[in-house]
Amino acid sequence: KTRPLEYRVAQLEALGRFLEEKKQDILEATALDMGKPSFEAYFTEILLCKNELNDTLNNLSHWMKDEHVDKNLVTQLDSAFIRKDPYGVVLIIAPWNYPIHLFLVPLIGAIAAGNCVVIKPSEISKNTEKLVAEMLTCYLDSDCFAVVTAGVEETTRLLENKFDYIFFTGSPSVGRIIMTAAAKHLTPVTLELGGKNPCYVSDTCDVQNVARRVVWGRFFNAGQTCIAPDYVLCSVEMQEKLMPALREAITEYFGSNPRESPDFARIVGDKQFKRVRALLSSGRVAIGGQTDEKERYIAPTVLADVQPSDPAMQEEIFGPILPIVVVANMDEAIDFINARPRPLAIYAFSCDSKVVNQVLERTSSGGFCGNDTLMHVTLTSLPFGGIGNSGLGKYHGKFTFDTFSHHRGCLHRNMGLEAINSPRYPPYTQQKLGLMTAAFEIKRKGMCTLL
Amino acid sequence: MSDHAELVSHLRAAWLSGRTRPLEYRTAQLEALGLFLEEKKQDILEATALDMRKPSFEVELSEISVCRSELNHTLNNLAAWMKDENVDKNWATQLDSAFIHKDPYGVVLIIGPWNYPINLLLVPLIGAIAAGNCVVLKPSEISRNMERLVAEALPSYLDKDCFAVVTAGVEETTRLLENKFDYIFFTGSPSVGRIVMTAAAKHLTPVTLELGGKNPCYVSDTCNVQNVARRVAWGRFFNAGQTCVAPDYILCSVEMRERLVPALREAITEFYGPEPRDSPDFARIVGDKQFNRVQALLSSGRVAIGGETDEKERYIAPTVLVDVQEDDPVMREEIFGPVLPILTVTSEEDAITFINARERPLTLYVFSSSTKVVRRLLERTSSGGFCANDTIMHMTLTSLPFGGIGLSGMGRYHGRFTFETFSHLRSALLRADGREALNSLRYPPYAPRRLPMLRTTVESRRRTAACTLL
C-alpha cells in the first residue's frame, strides 16, 4: 500500500496540513514544555520542516526511480540498476528539545521511502507528546502510521519487537541501549547523538560578529540544542576581547534582565535544571549566572578560566552556559579537540581562511561550520549526522530518503545468448580463463594520451 | 588482550598523525596490494587448494581477478572520490562555501570469512585504505593455509604502522572486539553478526555486516530449460556451493521440475564429467565440522542426482534433491554446500508467498523469458540483491551495491560503495565573517514581521505544476 508515489505524496501533503493547521497548537505546546519563544518554534518546528517537506515532494519521483549503472563487457546487453526498496516497519524515537522537528524530518524521509512508521515522541516534552499522540494520526493513514507514547520501561519493551529500521535521536548512553537492542534483530540504525561541540576562536577575527553568532547559537532554545557551540577555545587575549562583546550581544538580544525577555526559553524539567545548574561551579562566572528554580530559569551565562577538569567540561552542557577554555594557539586547540570524543559539530572562527581550513583538515566531527553556528543544518543538501560518540548515519533532504531505503542491486540478463556464458563453465581451461579476465577485468587507466 | 589494545592504539596514533590522508600515500598502499596479488599468486592458489581444493580457475577468477578489478577501479577514480562535493545552497548561504568533505573513520576492523578468503578480505580493505583509514585485518582461522599466508606475507607489503593482520580464533576475536574500533566490517553468519553488532554497540561503532540466508531461485514455466540448468548449476556448485550468493533452493512447478532435473543432470555431467570426484574443477568442503553439517542435509526429500560423499576427502557430489518439504532439514538453514533442493509450487503467487514468509535473503533469483514475470517477482519481494536469468553475475559489476537486508545483513560495498562505506561524509559550511546585516534577521529581540524575510532566505519552495518558459 505504501509503495505508489501517489500514496506517499498524499501522506506527505497531509503532514504539511498538520503543520499548517496545528501551527498554533505546536507553538503553545512547546511554550508550555520549555518556554520556547514562538519565533524559535516557528523557525525550527514549522519552517525548517516545511522546507524538508517541499524538498522531498519536489524530488520524490526522481529519487524513487531505478538508477541505471555502468556495465562491463559481459553485461552490455543486460539491464543493471539500483532499485530503492523500503525497509518495512521503521521506528522513530524523538527527543524533547525540538520535539516536532526531530521526529517529523525523519518521518518525511521514512514515508517518502515507502515505509510504515511507529513514532515515539519524548515523554519529557509532555505537552508536545500529547499533541502528537492525539492529533497526528488523524492526518495519516492509521493502518501504516502510529504514535506510541512510552516512558523508559515501556520503550525498552517496545524495542523488543523486531523493526526493520530504527532512527534514534538522543544521548550517547541511550544510543548504546538502542543499538544493543537492535543488534538482537540485526536491525540497522541511525543514531543522532551528541557531545561537546568545540568552538575555536582565532586571534584574527571580527570580535563583534563572532560574539553575536556564538551567542545566538549557544542561547537559542536556552542552550538545549545538540549542535550548539558547547565551549569556546581561544587565547587569553581573545578571551579579554570576547567577554565585553559577548556581554553586549547578550544584552542586545535579551535586554538587561533576560528573565523578562519573551525571547529566551527555559529548561525543560526539574531534573535537567538541577543538572545544568550544578555546572555553574566551574571556572568563574563572568556574565550571568542567575537562576530561578521555580521558573527553571538559568540566565545566559559565560564562564571564564574554565579548566578541562571542571564539571562544565565533563559532560554535554545542553543549557545556556558557555565556558571559555584558554589555549595558547591553534595547534593546542586542535590537540585539545582531538584528545576528546568526536563531536557532532566543530566551529572555527577566523578571518583567515587558512586557519578555518586547518581546523577542518586536522580534526574529525559530524559536521563543520566556519564563521557561524548552527547554519550548516539549514541546508537540506548537506548530510547531518555524527561520528564516533556523536552518532552514526546521516539525514536531511535526500539523505533521509536514502537512510530509509534499501538500495537493491539488480541485474536482468537475457534468457538466451548462452554463448557469452560458456567460457565460465567447467571443464576449466587456460584459454577460457584468458577470455574471462579479458571480458571482466577492469584495467588501470594509464598516463598515455591517445593521439 | 593487552596485545590487541596496544596494537589498536599504535594504529590510532598513526592515523592521528595524518599519514594516511594524502592521495599519494593511499595510492602507494593500494599499488602495494596489487603487488601482493601478483607476486603471491602461486602461494594463494596453493593455499586455497589446500584449504578446500579450490580449482585454480575459480581462484583466479573469483579471488584474484575480482580484487584486481576493484583495485584498478579504485585507483582509476580515487582522486575524484576524495574531492569535496559542492552542494546546492539556499539564499542565505549563496556566497558561502558549502560542501561534503570525505573523512576517514580512523582505525577500522575487517573480519573475513573462509569461503573466498582473499576476495572477502581484500575488497573491503581496498575501500578502507582508499578512504584513508588504518586497518586491522582478521582473516578466518578456518581457512588455515590462507590465514597463515595473509598473516606472514601481507604485512610486508603494507605500511606496518597503519595496517596489521591479527590471527584469532573465536575467543581471541571476542577479546579483540572489546577494543574500540571506528568501523567494523564483518562477513559471516547472521548469528555471529549479532555478536559483532552487540560488541560494536558498546562503543557506538558503525558496522557493515555481510551475512547470509537462503537465496531462493524461482524458475517460471516459460524459459530455456537448458540455459537455466547450466546457469543454476554453475552458481550452485561453484566452490562446492560454499558461496553466500549461491542459489540455495529452487521453486518451480511440477511440470518444470520434470524438465529441469534431466537438464541439470546434463549440465553437471558437462561440467564435471560422469564422476565429479575425479574432476579437477570441483572443490571440497572446507572442514570436517562443515562436512558433517552438509552431509546431514542429504536426508531431506529424495536424491535425484548425486548424493555420494567421501568423509576422508570431504567430498560431497553435486546433488539435486526433489520432493523436499518446507520443514525438512535442508530447508531450515543456509545450505552452503553442493546440494540443490527443488520445491514445487502451484503458481507464481504461491512462490511469492513462500519467499515473503521467510527471512529476507542476500539474493533473489528469477528465471523467466517474460519480463513481466521478472518485474512482478522483483516488485513484490525484498532482498539484498536481485538477478534475473542468471546467478552470481550481479556481483561482478563494481557499479552495483552489494549487501543484504534484514537477517542477510546491513550496509553495502563494491566499487565506489566500499570507499563510501569507510568514509564519514562530513558536512561543511564556510561562511564569510562579514555580511552581518543578513544575519540580523535571525537574532533576538524577535520580531514576527521579520519571519517572512527570514523564511525567504532559507526556504525550499514547493514546485508547482510545470509551466513552460517560452
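Residue numbers begin at 1 in each chain, while the letters A, B, ... track the order of the sequences. Because the structure is a prediction, the values reported are computed rather than measured.
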What part of B/Ile64 is in contact with chain A, defined as an atom under 4.5 angstrom from a non-hydrogen atom: side chain, backbone, both or neither? neither
I'd like to know whether A/Lys162 forms a side chain to side chain contact (heavy atoms under 4.5 Å, CB included) with B/Leu407, so could you lay out the CA-CA distance, the side-chain angles of the two residues, the decisive distance to 0.1 Å, and finally the verdict. CA-CA 11 Å; A/Lys162 180 181 156 96; B/Leu407 255 59; 3.8 Å; yes
Please look at A/Lys394 and chain B and tell me whether the side chain, the backbone, both or neither of the residue comes under 4.5 angstrom of a heavy atom of that chain. side chain
Between B/Thr74 and chain A, with a heavy-atom cut-off of 4.5 Å, which part of the residue counts as in contact: side chain, backbone, both or neither? neither
Whether B/Arg375 and A/Asp66 form a salt bridge (side-chain N of Lys/Arg under 4.0 Å from carboxylate O of Asp/Glu) is what I want to check. yes
Electrostatic pair A/Asp164-B/Arg360, nearest N-O below 4.0 angstrom: yes
Any chance the side chains of A/Tyr42 and B/Arg455 put a donor and an acceptor closer than 3.5 Å? yes
Region of A/Arg424 in contact with chain B, defined by heavy-atom distances below 4.5 Å: both
Part of A/Asn72 lying under 4.5 Å from any heavy atom of chain B: both
Between B/Glu379 and A/Arg3, is there a salt bridge with N-O shorter than 4.0 Å? no
At a 4.5 Å cut-off on heavy atoms, which part of A/Glu67 comes close to chain B: side chain, backbone, both, or neither? neither
Would you list the atom pairs, donor with acceptor, under 3.5 Å between side chains in residues 180-189 of chain A and any protein atom, with sequence neighbours excluded?
| from | atom 1 | to | atom 2 | distance (Å) |
| --- | --- | --- | --- | --- |
| A/Thr180 | OG1 | A/Arg176 | O | 2.7 |
| A/His185 | NE2 | A/Glu160 | O | 2.8 |
| A/Thr187 | OG1 | A/Phe163 | O | 2.7 |

For A/Asn421, is it the side chain, the backbone, both or neither that has a heavy atom under 4.5 Å from a heavy atom of chain B? side chain
Answer with side chain, backbone, both or neither: which region of A/Arg213 has an atom nearer than 4.5 Å to a non-hydrogen atom of chain B? both
Which atoms of B/His414 are under 4.5 Å from chain A, going by heavy atoms: the side chain, the backbone, both sets, or neither? neither
Under 4.5 Å heavy-atom distance to chain B, tell me which part of A/His406 shows up: side chain, backbone, both or neither. side chain
Rounded to the nearest 0.5 Å, what's the gap from CZ on B/Arg442 to CH2 on A/Trp216? Could you check? 4.0 Å
Could you tell me which portion of B/Arg412 (side chain, backbone, both or neither) has an atom closer than 4.5 angstrom to a non-hydrogen atom of chain A? side chain
Side chain / backbone / both / neither for B/Met410 at chain A, heavy atoms under 4.5 Å: side chain
For chain A, which candidate among B/Gly18, B/Ser369, B/Gly385, B/Gly384 shows the most heavy-atom pairs at distances under 4.5 Å? B/Gly384
Heavy atoms of B/Asn224 and A/Met415 approach each other most closely as N-SD, 3.6 Å
Under a 4.5 Å heavy-atom cut-off, does chain B meet the side chain of A/Pro172, its backbone, both or neither? both
Determine the minimum heavy-atom distance between B/His424 and A/Gly385, stating which atoms define it. CE1-O, 4.3 Å
A/Asp78: which residues meet the side chain to side chain donor-acceptor pair (under 3.5 Å) condition with it, sequence neighbours left out? A/Arg413
Parallel, tilted or perpendicular for A/Tyr428 and B/Phe57, by the 30°/60° rule? parallel
Between A/Ser381 and B/Ile100 the two heavy atoms that sit nearest each other are O-CD1, 4.3 Å
Could you look at B/Arg230 and say if it's the side chain, the backbone, both or neither that has a heavy atom under 4.5 Å from chain A? both
Going by atom types alone, do B/Ser65 and A/Glu441 pair a side-chain donor with an acceptor below 3.5 Å? yes
Side chains of B/Thr381 and A/Arg408: any donor to acceptor distance under 3.5 Å? yes
Checking heavy atoms, do the side chain of A/Ile346, its backbone, both or neither come under 4.5 Å from chain B? side chain
Ring-plane angle category for B/Tyr446 and A/Phe39, please: parallel below 30°, perpendicular beyond 60°, tilted otherwise. parallel
Are A/Arg212 and B/Asn439 packed together at the side-chain level, in the sense that at least one heavy-atom pair is separated by less than 4.5 angstrom? no
Does any backbone or side-chain atom of B/Tyr105 lie under 4.5 Å from a heavy atom of chain A? Answer side chain, backbone, both or neither. both
For A/Leu360, is it the side chain, the backbone, both or neither that has a heavy atom under 4.5 Å from a heavy atom of chain B? both
Does any backbone or side-chain atom of B/Ser368 lie under 4.5 Å from a heavy atom of chain A? Answer side chain, backbone, both or neither. backbone
Okay, A/Leu193 and chain B: the region with an atom under 4.5 Å from a heavy atom over there is side chain
Heavy-atom pair with the smallest gap, counting every atom of A/Cys410 and B/Leu378: SG-CD1, 3.8 Å
Nearest atoms (heavy-atom pairs only) where A/Gly409 meets B/Leu400: CA-CD2, 4.0 Å
Would you confirm whether B/Asn72, through its side chain, and A/Ile442, through its main-chain N or O, come within 3.5 Å as a donor-acceptor pair? yes
Which answer fits A/Phe220, side chain, backbone, both or neither, if we ask what part of it has an atom under 4.5 Å from a heavy atom of chain B? side chain
Please give me the minimum heavy-atom distance between B/Leu425 and A/Pro383, naming the atom from each residue. O-CG, 3.9 Å
With a 4.5 angstrom heavy-atom cut-off, is it the side chain or the backbone of B/Pro280 that approaches chain A, or both, or neither? neither
Which distance, rounded to the nearest 0.5 Å, do you find between the CG of A/Asp85 and the OG of B/Ser382? 5.5 Å
